Every structure is written in C-alpha cells, then in structure tokens.
Amino acid sequence: MALHDTPEPARPAGPADLVDFSVDLTSHEVHRRAQVLAALGPDWDPIEALLGEEAAYDLLYGNLDAEQQRIHDELVAAGVLPARGGGRAAS
C-alpha cells in the first residue's frame, strides 16, 4: 500500500462540525396544560384545594407534644418542612 493510499485518521468533531439543534416545546406545553385543566374539570376550585391542603397540614402537625414539636421545628429550620405560622406547627 502506498503512503498516499492510507486513510486519514479520524479527528474529533470540532465546532465547525456541530449542527444547531433546537426544539420549541411551547405548543406541547400549551397542549399539556390544557389537558391538565381538562382533567381537573370545570368544578375544580384552586382556592378550595389550597384550603384543603392547609387543613390537612393542620391535622397532621397539630396537637404535637413537646418532643414532636421540637423535632418539627428542627425539620422546619433544616428546610425539610415549610415554615408556617411563625415557624411553629399548628396547635
């Protein structure tokens, strides 16, 4: 095989070899949001849902004894649980 017949060694792709690739997901996101709202239905009330979450939180973290309250406060301070009502669990 002659020297001029040897294949050129592969070179890594450089910036000139890159192809611009972008996808606009805006229409997909609009469709996804419309599907979520359709699944929730016309009777869904976000304020009522938020109030239900607050009531559930109060039931879950209400009436804690001193040790439970201390642990709850540590979890809030560590950012594990959200702070509510001045950093104290509902009583």
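These numbers come from a predicted model, not from an experiment. Along the sequence shown, residues are numbered consecutively beginning with 1.
Counting side-chain heavy-atom gaps under 4.5 Å among Ile, Leu, Val, Met, Phe, Trp and Tyr, the cluster of Ile47 also holds Leu51. Val36 belongs to a hydrophobic cluster whose remaining members, ordered by chain and number, are Leu37, Leu40, Trp44; membership requires side-chain heavy atoms of ILVMFWY residues under 4.5 Å apart, directly or through intermediates.
Of the inter-residue distances, the one linking Glu53 atom CD with Glu48 atom CD reads 11.5 Å to the nearest 0.5 angstrom. Here Glu54 contributes atom CD and Leu59 contributes atom CG; the two are 11.5 Å apart, rounded to the nearest 0.5 Å.
Residues meeting the salt bridge (charged side-chain N to carboxylate O under 4.0 Å, His left out) test with Arg32, sequence neighbours left out: Glu29.
Side-chain atoms of Asp65 and Gln69 include no donor-acceptor pair closer than 3.5 Å.
Tracing side-chain contacts under 4.5 Å through hydrophobic residues (I, L, V, M, F, W, Y), one reaches Phe21 starting from Leu25; they form part of the same cluster.
Residues His72 and Leu64 share a closest heavy-atom pair of CB-CD1, 3.9 Å.
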